[in-house]
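Note on naming: letters A, B, ... go to the chains in the order of the sequence lines (proteins, then strands), and numbering restarts at 1 for each one.
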Amino acid sequence: MAEPGEAAAPPSDLLAARRAKLEALRAAGVEPFPHAYPGVTPVAEVVAPHADLPAGEDSEAVARVAGRIAARRGQGKAAFLDLVDRSGRLQLHARRDVLGEEAFERLLSLDLGDILGVDGLVFRSRRGELSLRVDDYALLAKSLRPPPEKHHGLTDVETRLRQRELDLMANEATRDVFLTRARIVAATRRFLDDEGFVEVETPVLQPIYGGAAARPFTTHFNALDQTMYLRIATELYLKRCIVGGLERVYEIGKNFRNEGLSFKHNPEFTMIEWYEAYADYEVVARRTERLVAYVAAQAGYEGDLDFGAPWRRETLAGAIEARTGLDVLALRTRGALAEGMRERGMDVPPDDGWAQLVDLLLSKHVEPELVQPTFLIDYPVELSPFAKAHRTEPGLVERFEAFASGMEIANAFSELNDPDEQRVRFEAQARAAAAGDEEAHPYDEAFVTALEHGMPPTGGIGIGIDRLVMLLTGRTTIREVVLFPALRR
RNA sequence: GCGCCUCUAACUCAAUUGGUCAGAGUUCCGGACUUUUAAUCCGGCGGUCCGGGUUCGAUCCCCGGGGGGCGCACCA
């Protein structure tokens, strides 16, 4: 790989040849980087109306298209070029008797990867390919580097991720993923907007982070000479919006967590959180089912996951017992649960408390089994500092997480709105922090003060958009659904 | 952070497991060709991630470094 800071410029005369052409074009009075090319029609819209045009016949339609030259097949006094734009690919037929010798030769001297605009007549070739006869053309931008291999595309994972523009250029499947991602986000907004939610924007740069168990990215605000954090969740500010009376709010945005990379973790990732007054977690669960089913349909999802409501529901404790035989609610001390785990031959991390062991059992023995969309409900309070106590089960809170394809995709609660109880929870987190838990929640007095003004009963949820996109596009790593994922340097 | 694997032309791949074998296709250059579509045909340019070491000789072996992949750890 190239050294940092140095252009990745191999000593190749491929580059010199392209630069020489650039200068030759300028010398001939051709502007290689013109300002605009108005009136372009996507090639898919050029092709669509002519499905019935017989082979070998001209239409009466002319069109202006633009895109990148992807292939060229010379024929002496004529040539075919393939033009690719966002919507598809279209064959061009250039003829010397139509263009004249100079324009024809100049067109053929262009390189693969150059951006070209064309006016021409729609026809179908003898071999049946819908094509455009080039009547006039303009170079719209000269490409000074060779594009990826035209048959095999670009396969090198590192190049695909570091130079996503080349991946998008060469691989239609990559373009499809990100177009689908855009549809998923748009459909999510549409769904919530139609149900009376207000989209808001809360601070990304925060004096105190909170709302999740994670280590933050830390930075410094020079003007105030104070430490700032990139948010790890939008939760606390959104609940302050509920206190303020907005009643139904959502935010789609990036969160940042200073944790490891994996197929399902990127340090910055997109989350939607919504909060609705007067709702509990059951109301939120039902809305989640409808939202995801709607989004999947809008994204054209045709895979094996059935997002139709209702999703399967299991209690967390029941799910663990069914798969390990351990009743974590009966083994309610660290010692008892650890003993039970050891009896079954499981390793017990020495520093984990009871709640961490429950979390471990969940992630090791339950989560991977949850392929079809499933809600796990009713979590231990120790794992859930912002969730309201369960109305009938002592020691539990009203919380669910949603899973699919063995991966968590959402986390929701009946929100804790008792400020005194919230203060107690923060104090417990502070003790955990003092004991060395780097992911304990910092005490957020501004949030508690807000709760003291009175927050209505509220249900809230966070859904990982990247993971949802993974499910709906059939990708198995988050890097395939994030345009520019985190890589070393 | 740990373990395993990996790095050959701009791109997609092959080869040697120490010795005139670093090769093919794409791209690009030159030539032929007015309905091709991985167009075809002829000729040409171009390379072993970096730094050390062993050796008569290293792309191949050893050490160190860098990038990447997978797994683990971490991570609601």
- Item | Given L90(A), L107(A), L132(A), the one that forms side-chain contact (heavy atoms from CB on, under 4.5 Å) with V118(A) |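 Exactly one candidate clears the test, L132(A).
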[atom1] spacing across the pair [N] / [M], given as an integer number of angstrom:
{"N": "C13(B)", "M": "C7(B)", "atom1": "P", "result": "12 Å"}
{"N": "U12(B)", "M": "U8(B)", "atom1": "C1'", "result": "12 Å"}
{"N": "C63(B)", "M": "U27(B)", "atom1": "C1'", "result": "38 Å"}
{"N": "C41(B)", "M": "A24(B)", "atom1": "P", "result": "15 Å"}

Starting at [atom1] of [X] and ending at [atom2] of [N], how long is that distance when rounded to a whole Å?
{"X": "K77(A)", "N": "U34(B)", "atom1": "NZ", "atom2": "C1'", "value": "7 Å"}
{"X": "L108(A)", "N": "A39(B)", "atom1": "CG", "atom2": "C1'", "value": "14 Å"}
{"X": "L487(A)", "N": "G69(B)", "atom1": "CG", "atom2": "C1'", "value": "12 Å"}

- Quick one: does S384(A)'s side chain have a donor or acceptor within less than 3.5 Å of a partner on A387(A)'s backbone?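 No; judged by distance alone, with no hydrogens or angles, the pair does not exist.
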Quiz item: [X] side-chain donor-acceptor pair to [N] base, under 3.5 Å:
{"X": "E129(A)", "N": "U36(B)", "answer": "no"}
{"X": "E149(A)", "N": "A10(B)", "answer": "no"}
{"X": "S125(A)", "N": "U36(B)", "answer": "yes"}

- Item | Comparing G56(A) and S109(A) on RNA chain B - which has the more 5′ nearest nucleotide |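 That would be S109(A).
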- Message: Between E367(A) and K264(A), does any NZ, NE, NH1 or NH2 come within less than 4.0 Å of an OD or OE carboxylate oxygen?
- Response: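 Between E367(A) and K264(A) there is a salt bridge, with a charged N closer than 4.0 Å to a carboxylate O.
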- Taking only N and O in the side chain of K364(A), is any of them less than 4.0 Å away from OP1 or OP2 of C74(B)?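 For C74(B), OP1/OP2 do not have a side-chain N/O of K364(A) under 4.0 Å.
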